Amino acid sequence: MWRRGERLYALLVFLVVALEALALGKLVLVFSGRLFHLLGYPQAQQALLEALFLTGVALILLSAYIPLYHAYTKTKELWDRKVFEEWVSRFSLALFGEAALPPPPWPRLALEALLHLRETLEGDCGERIEAWIRQANPRWNRVLKGRLASRPARLDALEALAQARLPETLGLILPYLRHPDPVLRLAAARAGARVAQGEGILQLGRALLQAGLPRGALLEILLLQNQATPVVDLFLREGQVEERWAALEALGRLKIHTLAVMATSFLEDPDPELKAAAMRALWRLGYAPEGYEDVLLVSLKDAREFLRAHATRLLALLKNDFARRILWEMLSDPSFYVRRAAAEALGTLDPETLREAAQVYPDPYGRAMAAQVLQEASWKS
Amino acid sequence: MEILGWLLFAYQVFVLFYFALLNFLYALSALFGLGMVARYARELSELSLKDLLERDAYLPVSILVPTYNEEKSIVASVNSFLSLHYPEFEVIVVADGPRDRTLEMLKEAFRLVEEAKVFRKAIPTRPIRAIYRSLVYPNLLVVDKENGGKADALNAGLNLARYPLFCAVDADSLLDAQALLRASRLFLEDDRVLAVGGTIRPLNGAVIQEGVVEALRLPKSFLERVQILDYARAFFMGRAGWSAMDALLIISGAFGLFRREAALRAGGYRTDTVGEDMELVVRFHRQAREEGRDYRIIYTPDPICYTEVPSDWTTLRRQRNRWHRGLWEVLWNHRAMLFNPRYGRLGLVAMPYFLFFEALGPVVEMMGYFLLPVFYFLGFIHIEFAILFFLLALGYGVLLSQLAVGLETLLLQRYPRVWDRILLFFWLS
């Protein structure tokens with residue numbers, strides 16, 4: 001997508017725009033002078049000719065650069081592709097013992113081929129490639145620790161680290177979680193999620209607590225990790241609202257049953273978003289909130305419909321008469337989404353009661369919703 | 001005679017400043033646009049997109065497809081939406097009282113059966129006649145309703161949508177396979193994002209197989225080719241520039257992704273305007289600013305939607321006329337924002353720009369065509385000077401087109417044939 005040589009183009013555009021701005025500015029001044037009879041016609045004509053000349057120069061510059069650039073990059077990209085594929089083939093042959101490993105140092109494209117293979121292959125093959133990447137001794141260290149590297153170069157290096165997945169490189173990544181640039185912070189978090197192993201997982205978790213990433217990005221990082229449990233645990237214990245929300249979401253989605261009890265403690269959280277996230281997590285885990293019936297009843301009476309809807313869905317996991325009775329009542333809730341949640345929950349808890357609701361429920365909206373959910377269940381089956 | 005002379009003088013002053021300011025803004029927009037597109041291209045990580053898919057880190061999307069008389073293309077379009085690379089989405093086709101066989105084509109192609117669906121009518125719409133579910137695709141829903149216009153159809157779709165994000169697309173459009181993934185990740189990464197607009201490209205001339213764009217080629221006719229330039233300028237310079245300045249007022253109706261909750265809170269699409277896409281975005285801005293909420297509405301260059309552009313002058317004129325009327329309606333409905341510092345750069349820069357240069361642009365242009373012979377007959381015109389000025393205006397126009405095409409072919413190389421690129425660059429611009 002982003003092709004090499006773009007900097008020259010950016011410089012060219014800047015130059016062109018600057019020239020045009022200058023020409024326009026001068027034109028405005030001279031024309032104004034002319035309109036108010038402060039300047040003569042020759043000066044106005046000269047300014048116009050100058051502006052035309054500058055526009056012509058800008059057009060020539062662009063017209064020359066872009067086709068040349070196309071011709072150059074097309075040839076270069078074809079050549080790079082060929083060399084890349086050759087290196088993939090050479091490394092693949094070496095991997096399966098059909099040829100000797102080409103001796104290092106390897107060029108940039110060889111390293112890209114190695115990273116490509118690392119991304120594709122797992123198990124023993126993956127480990128051998130990992131060792132070869134170490135042998136290649138890439139310059140990521142210099143790029144990430146240096147002061148002069150550009151942002152694209154740092155992003156490239158972080159992505160390469162993410163692909164290489166060398167645990168010892170976590171130390172290079174973690175300082176970037178405190179970087180003032182949010183783009184680099186996010187890239188580092190993604191790389192860290194792929195690289196961290198063993199003790200590194202908690203180190204990453206602690207660094208993420210200080211990273212100030214938005215909750216969606218934190219959730220993404222947790223989902224990326226192969227062993228997210230320690231970080232989810234850490235976030236739930238020591239995190240602020242953003243980290244706790246992400247942890248609760250991840251807990252449910254990753255089905256971390258061992259931390260279900262921790263989620264129950266958020267059922268009484270004063271923050272409604274956290275309370276809802278805890279209910280969602282428990283529902284995803286299929287964890288019955290026994291002993292929290294009173295807390296659920298409070299949520300069921302809350303003015304905010306999203307809290308009522310989540311509490312209704314969670315209630316079904318209790319699988320008792322209390323749940324059945326409340327779900328029946330919730331079918332007449334004024335909110336469409338709560339009625340829907342009640343009907344769905346009743347459908348999983350007691351399909352017979354749902355059938356009965358579809359026939360005789362006093363509230364017509366509740367009755368229609370029960371019929372709808374029954375029909376959808378029949379479609380699915 | 002003195003008054004006429006004074007008026008003509010005032011007109012000259014006005015045209016001069018109008019020309020200078022407009023071209024200056026265009027150049028500024030090109031600069032911001034380039035920066036924005038370049039930054040986006042640099043920051044986009046294919047690896048992270050792959051991870052998002054593999055690890056289920058996404059937000060499900062409802063695709064809303066309002067359709068009227070589209071019997072010829074509707075099946076291919078719906079097929080293309082159904083074949084998108086996205087883990088969880090639903091397609092809601094809203095047949096807005098079509099008079100041709102659109103609904104029958106859908107029923108046959110997707111084995112539709114009627115369903116008595118209960119749904120929340122959060123936004124009032126024209127009556128719904130029937131709701132159909134497909135026996136082949138569980139994520140396809142077709143709504144048959146009384147005709148009420150595109151905005152009304154979108155509102156009906158919005159009432160039925162289940163997911164937190166919705167994507168409004170035209171029925172004659174095709175989405176790039178990864179378009180949803182690329183646009184929706186922005187909502188996941190930043191809670192403040194309310195809406196994301198992607199790039200629209202003309203579909204004419206493309207090689208399409210089973211609803212998927214296989215390759216882009218330049219279309220045959222001049223009119224269609226010119227619109228490629230027009231779209232490139234509008235998106236890579238215009239919208240990219242405005243987005244970079246945090247003042248994006250338009251997300252094209254052909255492809256935009258929105259938070260459903262935000263749209264419902266805003267009351268859905270307005271049905272009394274033909275510019276419902278722009279109106280919704282302006283309303284998002286207005287409400288968020290009035291409520292003091294932190295929010296973002298952004299353009300992102302890479303999620304691509306392909307759309308069929310008019311191939312004849314009559315259709316093109318009708319389309320542009322509709323867009324222009326829509327613009328005037330939006331400006332009138334939200335006139336309170338104009339020059340109002342309460343709305344920041346929206347009220348002080350973006351809205352005035354749209355009023356003076358987009359809405360009034362054709363008026364100024366037409367006035368020029370009318371006054372040129374008047375000036376000539378009254379002897380107020382200096383031919384040599386006028387020709388030079390015309391050449392300069394032309395030169396600026398070509399330059400801006402070349403900047404846009406340069407951006408398109410350099411950063412987001414989509415026309416693979418070198419000849420097509422050269423043609424775009426030299427001949428068309």
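Computed from a predicted model, the values in this text were never measured in an experiment. In what follows, chains are A, B, ... by sequence order, proteins preceding strands, each numbered from 1.
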Exercise for the section: Supply the atom-to-atom distance A:Gln375 CD to B:Arg133 CZ, rounded to the nearest 0.5 angstrom. Expected result: 9.0 Å

Exercise for the section: Pick one of side chain, backbone, both or neither for A:Gln163, based on which atoms fall under 4.5 Å of a heavy atom in chain B. Expected result: both

Problem - Rounded distance [0.5 Å steps], CZ in A:Phe336 versus CG in B:Asn159 - result: 9.5 Å

Fill in the blank from the handout: Whatever's closer than 4.5 Å to a heavy atom in chain B on A:Val28 counts as both

Handout entry: Pairs of heavy atoms under 4.5 Å with chain B: top-ranked of A:Arg339, A:Glu249, A:Gln45, A:Arg194
Key = A:Arg194

Problem - B:Arg120 to A:Tyr337 - nearest heavy-atom pair and separation - result: NH1-CE1, 2.8 Å

Fill in the blank from the handout: Note: vs chain B, highest number of non-hydrogen pairs under 4.5 angstrom among A:Leu218, A:Thr55, A:Leu52 is A:Leu52

Practice task
Check whether B:Phe187 gets within reach of chain A through its side chain, its backbone, both or neither, counting any heavy atom under 4.5 Å.
Solution key: neither

Exercise for the section: Flag the pair B:Phe19 / A:Phe31 as yes when at least one side-chain heavy-atom distance between them is below 4.5 Å, and no otherwise. Expected result: no

Problem - A:Val16, part contacting chain B, at a heavy-atom distance under 4.5 Å - result: side chain

Fill in the blank from the handout: Turns out that what part of A:Ser335 lies under 4.5 Å from chain B's heavy atoms comes down to neither

Completion exercise
Turns out that what part of A:Leu184 lies under 4.5 Å from chain B's heavy atoms comes down to neither

Exercise for the section: Flag yes if more than 12 heavy atoms outside B:Phe390 fall under 6.0 Å of its CZ atom; otherwise flag no. Expected result: no

Practice task
Check whether A:Leu222 gets within reach of chain B through its side chain, its backbone, both or neither, counting any heavy atom under 4.5 Å.
Solution key: neither

Problem - A:Leu59 CG to B:Ser401 OG distance, which is reported to the nearest 0.5 Å - result: 10.0 Å

Problem - Stepwise side chain to side chain contact (heavy atoms under 4.5 Å, CB included) check, A:Gln372 with B:Glu115 - result: CA-CA 9 Å; A:Gln372 161 91 32; B:Glu115 183 186 32; 4.3 Å; yes

Practice task
Using a cut-off of 6.0 Å, state whether more than 12 heavy atoms not belonging to A:Tyr365 lie near its atom OH.
Solution key: no

Fill in the blank from the handout: When rounded to the nearest 0.5 Å, the distance separating CZ of B:Phe389 from CG of A:Leu48 is 7.5 Å

Handout entry: Atom pair CG/CG of B:Asp190 and A:Leu213 - distance to nearest 0.5 Å
Key = 11.0 Å

Handout entry: Residue B:Leu400 versus chain A: region with a heavy atom under 4.5 Å
Key = neither

Practice task
Return yes when atom CZ of B:Arg111 has more than 12 non-hydrogen atoms of other residues, nucleotides or ligands closer than 6.0 Å, and no otherwise.
Solution key: no

Fill in the blank from the handout: In this structure, CD of B:Glu261 is separated from CZ of A:Phe306 (nearest 0.5 Å) by 8.5 Å

Problem - Part of A:Leu224 within contact of chain B (heavy atom distance under 4.5 Å) - result: both

Handout entry: Least distance between heavy atoms, B:Phe24 atom then A:Leu24 atom
Key = N-CD1, 3.6 Å

Problem - B:Glu189 vs A:Pro214 side-chain heavy atoms within contact, under 4.5 Å - result: no

Exercise for the section: Can you tell which part of A:Ala44 gets under 4.5 Å to a heavy atom of chain B, answering side chain, backbone, both or neither? Expected result: both

Problem - Beyond-backbone contact of B:Leu399 with A:Glu20, side-chain heavy atoms, under 4.5 angstrom - result: yes

